[in-house]
Student: 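Mind looking over this structure? Questions follow.
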Amino acid sequence: QVQLVESGGGLVQAGGSLRLSCAASGLTFSMYSMAWFRQAPGKNREFVAGISRGGGDTDYADSVNGRFIISRENAKNTVDLQMNRLKPEDTAVYYCAVRPGLLRAGISDYKDWGQGTQVTVSS
């Protein structure tokens, strides 16, 4: 079965950086598009960033564009999210998700999810 394990979350000060990683197993990694979503308390889960199967196409939410960078290492079955210039409003649980085929940005487009990792940005 597909398993996704996120790591790298933690507590950082506003303006700082953090790097999240998602390790995948149980799938042919290069056949799947990957994405990061996040969910803050009392809010709906929202798309953050996505990357296509070969890594040549990326997509970012307006709220993080220019600050976050998504990347993948297919040889290691991992996808990372480099988060820079963090803001308190970035505080959320961040989830890794995968779908076979083309990159999409909708929650319903994704088949498998990780357990999430907490990111807290202090003022």
Student: Is it the case that over 12 heavy atoms from other parts of the model lie below 6.0 angstrom from the CG atom of Asn44?
Tutor: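 No, CG of Asn44 has 12 or fewer neighbouring heavy atoms, counting only those of other groups under 6.0 Å.
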Student: For the CE atom of Met34 and the OG1 atom of Thr58, what is their distance to the nearest 0.5 Å?
Tutor: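 Output value for this atom pair is 14.5 Å.
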Student: Other hydrophobic cluster members with Phe37, side-chain heavy atoms of Ile/Leu/Val/Met/Phe/Trp/Tyr under 4.5 Å, chained?
Tutor: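 Once heavy-atom contacts under 4.5 Å are chained together, Phe37 belongs with Phe47, Val93, Tyr95, Leu103, Ile107, Tyr110, Trp113.
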Student: If you round to the nearest 0.5 Å, how far is CZ of Arg85 from CZ of Phe68?
Tutor: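 Going from CZ on Phe68 over to CZ on Arg85, the span is 10.0 Å.
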Student: Looking only at heavy atoms, which two atoms of Tyr60 and Ala49 are closest? And how far apart?
Tutor: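 Shortest heavy-atom separation between Tyr60 and Ala49 comes out as CD2-CB, 3.6 Å.
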Student: Under 3.5 Å, sequence neighbours excluded: what are the donor-acceptor pairs made by side chains of residues 22-32?
Tutor:
none

Student: If you measure from OH on Tyr94 to CG on Leu81, what distance do you get to the nearest 0.5 Å?
Tutor: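 If we round to the nearest 0.5 Å, Tyr94:OH and Leu81:CG are 7.5 Å apart.
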Student: Where do Asp112 and Gln3 land on the side chain to side chain contact (heavy atoms under 4.5 Å, CB included) test, with the steps shown first?
Tutor: CA-CA 8 Å; Asp112 296 281; Gln3 289 193 342; over 6 Å; no
Student: For a quick test of reading the model, state the closest non-hydrogen atom pair linking Lys111 to Pro100 and the distance between them.
Tutor: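 That closest heavy-atom pairing would be CG-CD, 3.7 Å.
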Student: Only pairs under 3.5 Å count here: list side-chain donor-acceptor contacts from residues 4-19, not counting sequence neighbours, and write none if there are none.
Tutor:
{"from": "Glu6", "atom 1": "OE1", "to": "Gln115", "atom 2": "N", "distance (Å)": "3.0"}
{"from": "Glu6", "atom 1": "OE1", "to": "Gln115", "atom 2": "NE2", "distance (Å)": "3.2"}
{"from": "Glu6", "atom 1": "OE1", "to": "Gly116", "atom 2": "N", "distance (Å)": "2.9"}
{"from": "Glu6", "atom 1": "OE2", "to": "Cys96", "atom 2": "N", "distance (Å)": "2.7"}
{"from": "Glu6", "atom 1": "OE2", "to": "Gly116", "atom 2": "N", "distance (Å)": "3.3"}
{"from": "Ser17", "atom 1": "OG", "to": "Asn84", "atom 2": "OD1", "distance (Å)": "2.9"}
{"from": "Arg19", "atom 1": "NE", "to": "Asp80", "atom 2": "OD2", "distance (Å)": "3.1"}
{"from": "Arg19", "atom 1": "NH1", "to": "Gln82", "atom 2": "OE1", "distance (Å)": "3.0"}
{"from": "Arg19", "atom 1": "NH2", "to": "Asp80", "atom 2": "OD2", "distance (Å)": "3.0"}

Student: Keeping Arg72 on the side-chain end and Ser52 on the backbone end, is there a donor-acceptor pair under 3.5 Å?
Tutor: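 Side chain of Arg72 to backbone of Ser52: a pair is present.
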Student: Does a side-chain heavy-atom distance below 4.5 Å link Asp90 with Arg38?
Tutor: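 Yes. Closest side-chain heavy atoms under 4.5 Å.
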Student: Between Thr91 and Val121, what is the shortest heavy-atom contact and its length?
Tutor: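 So the minimum-distance heavy-atom pair works out to OG1-N, 2.9 Å.
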